[in-house]
Protein chains: 2
Amino acid sequence: MTVTLKDIAERVGVTESTVSRVLNGVPKASKETCEKILKVAEELEYSPNQVARSLVKQKTHVIGLVISDIYNPYFAAVTGGIEEIASSYGYSLIISTTGGREKEELKYINVFKEKRVDGIIFMSGRMPDSCLTEIKNSNIPTVVVARKIDDSVPSIHIDNIKESYKAVEFLIKSGHQKIAMISGTFADVESGYNRFLGYKKALEDYDLPFCDNYIAEGDFKLASGIEGMRKILKTKELPTAVFAGSDAMAVGAIKAIKATGLQVPEDISVVGFDNNIISKACDPELTTVGQPAKSLGKKAMEMLYKVIEGENLAERSIYLPCEIIIRDSTRKIG
Amino acid sequence: MTVTLKDIAERVGVTESTVSRVLNGVPKASKETCEKILKVAEELEYSPNQVARSLVKQKTHVIGLVISDIYNPYFAAVTGGIEEIASSYGYSLIISTTGGREKEELKYINVFKEKRVDGIIFMSGRMPDSCLTEIKNSNIPTVVVARKIDDSVPSIHIDNIKESYKAVEFLIKSGHQKIAMISGTFADVESGYNRFLGYKKALEDYDLPFCDNYIAEGDFKLASGIEGMRKILKTKELPTAVFAGSDAMAVGAIKAIKATGLQVPEDISVVGFDNNIISKACDPELTTVGQPAKSLGKKAMEMLYKVIEGENLAERSIYLPCEIIIRDSTRKIG
DNA sequence: TCCCTCCGGTCAAACGTTTGTCTTAATTTG
DNA sequence: CAAATTAAGACAAACGTTTGACCGGAGGGA
């Protein structure tokens, strides 16, 4: 069926090794045979078998991506960035979604090992120790996205504490003093707890009181934003602004606020986090902390490539800055 | 470095073939050697080399996905469905994004050929003839999503004409007579032109006049929805409802309507298409035609699996129904 | 005893490449 | 003119599996 080097070799009357070299551009054949080989290869529609090639070269040109959830626009964007760069380097991308379940994560790391991928990008749940050790002693170059491990494995992040701090600072500088927060689940240290920490620190630095009634813990999703906001709206003294740990929760907050007859941003300003697609769909459009999702993916792949090539990483842990995107859900007061 | 069958064989004092059979559960070894082999394999942390295996078995357990754009939540959802089923069958998924560019599509089909994937799912642009023939004579099992070819290659769709018809019919039955449409680009026959066709047919069947001023052609994106709606709002006699060929355009329409001081749905009802994530983020929440995106992906992979296994497909072209999801952007009138 | 059948393996080919070493003839060099 | 170099290619091993064919011995039946 499928045509091999041997087929070409026979037709041309030469040996497989010669064909191989010619097709790979190794300059060792006469112009004549060279042309003949190329012509026959063309005629026979030769398609090199990469799996055979991988076997001997010990290189698959495949990289594996462990991701918790492709439906999440943020992850999708990171994935897109990864794919773009991977493809430009001649690598293919295998994706596997884990739902953040440790068992699945381990399973896929194992699949990647058996498939002899050249590298792994890990962007799933909490990166449990089991995965970490599994990855470490698999000896496969790995980059972790949005999850800080120790420096043994390179990673790329945003600085959640700092970016969250900046968002709250923005509100403070706009004149807000009573600022509530709807955080993501604290169990997610990076984007849940750390964003809360940034909020807290900003209040401290600007001598604003921290108030338990102004805090609601959600799960990053829209519904929990509604719920959280409802809780906050029960306090006697309403906040003038609320900062949410995700755009989805921010949109939920807006809905809850409007449902009580109050206005955004006239009565309460709202700031989100992510700058995903919904932040421009809601009404009013959301002021939010813009995560460089695609850039994270690109950078991650660039780092991974360097590791694969054996280059030294200048920094083993890179932070990309966010940009606060001001739209219509916030206003200056006072 | 990496441990092979040979390493195990030597340690146990047996030959590679025996080890291979034991590890694959072929019942041909004594209980004793069996245990020994398993034990040593465990100790050495043997990880079978799938690329070697693929070479001899002529099977990679990889399927390739050609997708135009992973950032689009609809494509992401389909991808998720595919991955879920693929993984349950023991297949891995390679993704490649093309931006709908023919050149990229051809490039990736070629990569997939060289990588000897077991199957291809195609969900990119217009599926140009070049790709079609390339796929056909590659002899790789293929399923096309959301793009009707001839019956030579299996495909899975929604019936855009019919579903769009149903949406407009819903409006008519809600008492609307003056219904505008913001369509996706006509160049995209399936989801652009066909949805327009369904709209037109519904008007005809219910003896409503078709009016050029009520038609705007967009590009599926939010901005074009705003623009299209603005154009429609310029007509002397305003419509009471507008049907958009995508949720994003519907959201744009809502924004444009609200910007003139009119209300949704009090003054104008709006219906979208897709049921993607933004349809629940906007205000009011969008009534829309719910595409079974994830199911499309699942079904596609199920079909592909059958083709790979050599089973006969009961139907080579499957249509999945949509469900109209009624939220707050529409109301009954009259 | 002879023949047959299992059992528990071994042997070797095959999958489709790459690549280091060897060969042969021709050409160059001194 | 002999020696050295080079050009163009052949040969074979290697990558890590799978799998059909073979094989020696033990046991069983006639």
Side-chain angles (χ1 to χ4, degrees), chain A residues 1-38 40-41 44-62 90 111-118 138-139, chain B residues 1-38 40-41 44-62 90 111-118 138-139:
Chain A
M1 300 296 126
T2 120
V3 13
T4 73
L5 288 184
K6 202 173 167 189
D7 299 319
I8 301 179
E10 281 171 3
R11 289 249 189 335
V12 177
V14 83
T15 182
E16 307 167 54
S17 44
T18 304
V19 179
S20 170
R21 290 194 234 259
V22 167
L23 260 27
N24 288 307
V26 180
K28 222 185 169 185
S30 71
K31 199 134 174 58
E32 217 177 345
T33 27
C34 211
E35 280 169 3
K36 254 204 233 163
I37 288 175
L38 290 172
V40 173
L44 265 42
E45 298 189 342
Y46 172 72
S47 167
N49 184 327
Q50 297 293 358
V51 3
R53 205 203 294 258
S54 290
L55 185 57
V56 23
K57 298 200 104 167
Q58 305 281 59
K59 189 146 176 43
T60 53
H61 281 276
V62 169
V111 169
F112 289 164
K113 260 168 72 175
E114 297 192 348
K115 282 222 170 3
R116 301 299 193 257
V117 299
D118 292 339
S138 79
N139 254 349
Chain B
M1 301 297 125
T2 121
V3 14
T4 72
L5 287 184
K6 201 171 166 192
D7 298 320
I8 301 178
E10 280 171 3
R11 290 252 189 331
V12 177
V14 84
T15 183
E16 305 168 58
S17 42
T18 304
V19 178
S20 170
R21 289 193 235 260
V22 167
L23 260 26
N24 287 306
V26 180
K28 220 186 169 186
S30 71
K31 199 132 174 57
E32 220 177 344
T33 26
C34 211
E35 280 169 2
K36 255 204 228 160
I37 290 175
L38 291 173
V40 174
L44 264 42
E45 297 188 343
Y46 172 70
S47 168
N49 185 327
Q50 298 293 356
V51 4
R53 207 205 291 261
S54 290
L55 184 57
V56 21
K57 299 199 105 168
Q58 302 281 59
K59 189 147 178 41
T60 53
H61 282 277
V62 169
V111 170
F112 289 163
K113 259 168 72 176
E114 296 191 347
K115 281 220 168 8
R116 301 297 194 259
V117 300
D118 292 338
S138 79
N139 253 349

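Each chain gets a letter, A, B and so on, in the order its sequence line appears, and its residues count up from 1.
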Report which part of the nucleic acid Ser17(A) touches: base, sugar-phosphate, or nothing (heavy-atom distance under 4.0 Å, all strands).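 Result for Ser17(A) = base.
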Heavy atoms only, 4.0 Å cut-off, all strands: where does Thr4(A) land among base, sugar-phosphate and nothing? sugar-phosphate
Find the distance [X]:[atom1] to [N]:[atom2] and express it as a whole number of Å.
| X | N | atom1 | atom2 | value |
| --- | --- | --- | --- | --- |
| Lys36(B) | dG8(C) | NZ | C1' | 13 Å |
| Glu10(A) | dG16(C) | CD | C1' | 14 Å |
| Lys6(A) | dC15(C) | NZ | C1' | 11 Å |
| His61(A) | dT17(C) | NE2 | C1' | 14 Å |
| Lys31(A) | dA7(D) | NZ | P | 16 Å |
| Glu16(B) | dT19(D) | CD | C1' | 13 Å |
| Glu114(B) | dG16(C) | CD | P | 15 Å |
| Leu5(B) | dT18(D) | CG | C1' | 9 Å |

What is the distance from atom CG of Leu38(B) to atom OG1 of Thr33(B), rounded to the nearest 0.5 Å?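 Taking CG in Leu38(B) and OG1 in Thr33(B), the distance rounds to 9.5 Å.
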Distance check, rounded to the nearest 0.5 Å: Glu16(B) atom CD versus Glu10(B) atom CD?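 Answer for the CD-CD pair, Glu16(B) versus Glu10(B), is 8.0 Å.
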Sort me out a list of protein N/O and nucleotides 22-24 of chain D N/O pairs below 3.5 Å, or just none if empty.
none

Taking all non-hydrogen atoms of both residues into account, name the closest pair between [X] and [Y] and its distance.
| X | Y | result |
| --- | --- | --- |
| Ala9(A) | Thr15(A) | CB-C, 3.8 Å |
| Lys115(B) | Val51(A) | O-CG1, 4.1 Å |
| Arg116(B) | Thr60(B) | O-OG1, 2.9 Å |
| Asp118(B) | His61(B) | OD2-N, 2.6 Å |
| Arg21(A) | Lys28(A) | CD-CD, 4.2 Å |

Taking atom NZ of Lys6(B) as the centre, report whether more than 12 heavy atoms of other residues, nucleotides or ligands fall under 6.0 Å from it. no
What do you reckon, is NZ of Lys36(B) surrounded by more than 12 foreign heavy atoms closer than 6.0 Å? no
Does the side chain of Leu5(B) come within less than 4.5 Å of Tyr46(B)'s, by heavy atoms?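 A side-chain contact exists here, since the closest heavy-atom pair is under 4.5 Å.
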For DNA chain C, find the residues of residues 44-59 of chain B with a heavy-atom distance under 4.0 Å and give them by number; none if there aren't any. Leu55(B), Val56(B), Gln58(B)
Nearest heavy atom decides the nucleotide; on that basis, is Arg116(B) or Cys34(B) closer to the 5' end of DNA chain C?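 The answer here is Cys34(B).
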Please determine if a side-chain N or O atom of Thr33(A) lies less than 4.0 Å away from the OP1 or OP2 oxygen of dA8(D).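 Result: no.
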Looking at Ser20(A), I'd like to know whether one of its side-chain N or O atoms comes within less than 4.0 Å of OP1 or OP2 on dT19(C).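 For dT19(C), neither OP1 nor OP2 has a side-chain N or O of Ser20(A) closer than 4.0 Å.
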Closest to the Val14(B) side chain, choosing from dA21(D), dG9(D), dG9(C): dG9(C)
If you go through the side-chain atoms of Arg21(A), does one of them form a donor-acceptor pair with the base of dT17(C) closer than 3.5 Å? no
